[in-house]
There are 2 protein chains.
Amino acid sequence: MAANAGEMTIDTSHMDILSVAADCFEKSGFAATSIDDVARKLGATKGRIYHHFPSKTDLFVAVVRRGMAMCYEVIEPVRQLDLPPLQKLSRMAAAHAKLMIETKHFQRSVWEGVEMHRRAAMTPDQREALEELLKTREGYSALFRRELTAARDNGDLDFENLSVTNQLMFMALNSPIFWYSPRPGETETDINRLVGQIVQFALRGLGASKEFTG
Amino acid sequence: MAANAGEMTIDTSHMDILSVAADCFEKSGFAATSIDDVARKLGATKGRIYHHFPSKTDLFVAVVRRGMAMCYEVIEPVRQLDLPPLQKLSRMAAAHAKLMIETKHFQRSVWEGVEMHRRAAMTPDQREALEELLKTREGYSALFRRELTAARDNGDLDFENLSVTNQLMFMALNSPIFWYSPRPGETETDINRLVGQIVQFALRGLGASKEFTG
DNA sequence: ATATGAACATACTACCGAGTATGTTGTCAA
DNA sequence: TTGACAACATACTCGGTAGTATGTTCATAT
């Protein structure tokens, strides 16, 4: 119990830093966020952060890793359902879009991480650290592509290029990280309705029939 | 002729800087791009840049302004065509998407400018400088919303919330600035096909019938 | 009781990058 | 030819930031 409490403290402190760091990275981006900014928002000093993370890059990567882990955690149960491809894709899309809304600050960092990698705007050590995460990301994307392909083979979807289509679909599903901001008095139902619009847009874009998308 | 040549030189030098700056901002983002980076890529030094632009912020704003001007220039002739709303929207969307591909480096800065404003990650002087541009951007967006609304009233489109839908549509149309990269040996036809896919995705997402979107 | 180490804070260093101050060169005007 | 100015280059300043080195405190183990 003592050890347990000790680990709890460690994990909590660790997670607190990650969460605040995600907030800062969301607001200002990686480059414009200073460790002191994060520390200030934590009501602490650099010492605390550098005790847990060896560098700013490692802190950022940890945020990205956590964000991507959230995606997997949310998708995994849906993925295991025994449903026809389009149905499953629809559920996966909804789960993903909702997560984007609920964990926006983390997912913004995930996005920036992907962008940093794509633009190759990194030092070698940053690149190496992100490399692993990008493979994970690719695996995640593949989960969706599988259902996309299956649904097209079924005749339930209609699109030309798989890669392009996948990009377009994810752009729509990810988009709330750019334009969503919580409304005062917003309910779970409001969010679900928002998610519904996003998924409907995406699936129709993919060529799903209106009977399916409502 | 002397005056003309002089102005030509000025404008050319000015535009050269803008173009290279756009490249740099695209690769590394505003915060991570240094004036020295831009100068180096120009084969020049800071002196040249600061002779034309009073500050890094002003340089960035100039890039954004130029990018947005390109949008208006491309859209304006299409907008004046006498076509039914959905037809016009489709042409406007195609023109916009194609411009995103062709002037990707500028449009990335436009995007970042909008993001900076939205995240309020700026000094007061930056904010003021961007304020004007954001109004221009809003006007541009309104051109599309007008056709969206008209097409829906016609029964040619089907969507719930105009604002959300507008966001989703622009996410799709803008998306090439994130994932497009020119293929070796790529032809105009290839690009047009790509644009076709993007527009098809967007219009279907908006609820256009398959008879229209093909 | 005391030693030990985790979890921080404090106080530095070193560097980088925005902005400035001051040359230097060529061009045109009178 | 010379003076004036545009269009840069060079050489600085100076504030901010990543990272480090060194306390300090508190809990736990022995």
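Residue numbers begin at 1 in each chain, while the letters A, B, ... track the order of the sequences.
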Colleague: Apply side-chain contact (heavy atoms from CB on, under 4.5 Å) to S163(A) and list each qualifying residue two or more places apart in sequence or on a separate chain.
Modeller: N161(A)
Colleague: Grab the CG-P distance between D36(B) and dG19(C) for me, whole Å please.
Modeller: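 Roughly 12 Å, once rounded to whole Å.
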Colleague: For Y50(A) and dG23(D), what is the distance between atoms OH and C1' respectively, to the nearest whole Å?
Modeller: 19 Å
Colleague: Kindly point out which of dC8(D), dT20(D), dG19(C) is positioned nearest to the side chain of H51(B)?
Modeller: dC8(D)
Colleague: So, E115(A) and K27(B), do they make that salt bridge, N to O below 4.0 Å?
Modeller: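 No, no charged N to carboxylate O under 4.0 Å.
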Colleague: Would you mind telling me which of dC8(D), dA18(C), dA18(D) lies closest to the side-chain atoms of I35(B)?
Modeller: dA18(C)
Colleague: Kindly give the heavy-atom pair with the smallest separation between S141(A) and F170(A), and that separation in Å.
Modeller: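 Closest heavy-atom pair between S141(A) and F170(A): OG-CE1, 3.9 Å.
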Colleague: Please give, in whole Å, the distance from dG16(D) P to K56(A) NZ?
Modeller: 15 Å
Colleague: Between the main-chain N or O of T187(A) and the side-chain N or O of D190(A), is there a donor-acceptor pair closer than 3.5 Å?
Modeller: yes
Colleague: Tell me whether the side-chain N/O atoms of S13(A) come closer than 4.0 Å to OP1 or OP2 in dA7(C).
Modeller: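 It does not, given that no N or O in the side chain of S13(A) lies less than 4.0 Å from OP1 or OP2 of dA7(C).
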Colleague: Below 4.0 angstrom, which residues in residues 37-46 of chain A have at least one non-hydrogen atom near DNA chain C?
Modeller: A44(A), T45(A)
Colleague: What I want to find out is whether E26(A) reaches K104(A) closely enough, with some N-O distance under 4.0 Å, to be called a salt bridge.
Modeller: yes
Colleague: With a 6.0 Å cut-off on the ring centroids, do F53(B) and H14(B) count as close?
Modeller: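 Yes - the distance between ring centres of F53(B) and H14(B) falls below the 6.0 Å cut-off.
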Colleague: Does a nitrogen or oxygen in the side chain of H52(A) sit under 4.0 Å from OP1 or OP2 of dC8(C)?
Modeller: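 Looking at the OP1 and OP2 atoms of dC8(C), one of them is under 4.0 Å from a side-chain N or O of H52(A).
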Colleague: What is the distance from CD1 of I49(A) to P of dT10(C), rounded to the nearest Å?
Modeller: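 Distance, rounded to whole Å: 14 Å.
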Colleague: Validate the cation-pi geometry between K135(B) and Y140(B): distance from NZ or CZ to the six-membered ring centre under 6.0 Å, angle to the ring axis within 45°.
Modeller: no
Colleague: Using a cutoff of under 3.5 Å, can you pull out all pairs of nitrogen or oxygen atoms linking the protein to nucleotides 24-27 of chain D, with atom names and distances?
Modeller:
none

Colleague: Would you mind reading off the distance between L59(A) atom CG and dT17(D) atom P, rounded to a whole angstrom?
Modeller: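 It is 16 Å, rounded to the nearest whole Å.
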Colleague: Whole angstrom is fine here: how far is it from NE2 in H14(A) over to P in dA6(C)?
Modeller: 15 Å
Colleague: Does the pair R145(B)/E138(B) count as a salt bridge with the N-to-O cut at 4.0 Å?
Modeller: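 So R145(B) pairs with E138(B) through a salt bridge.
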Colleague: Taking atom P of dA7(C) as reference, at what distance in whole Å does atom CZ of F53(A) sit?
Modeller: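 About 12 Å, once rounded to whole Å.
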Colleague: How about R152(B): does its CZ atom have over 12 heavy atoms from other parts shown lying under 6.0 Å from it?
Modeller: yes
Colleague: Ignoring the backbone of R48(B), work out which of dA9(D), dG19(C), dA7(D) is nearest its side chain.
Modeller: dA9(D)
Colleague: Starting at the 5' end of DNA chain D and moving along, which residue's nearest nucleotide shows up first, G47(B) or S34(A)?
Modeller: G47(B)
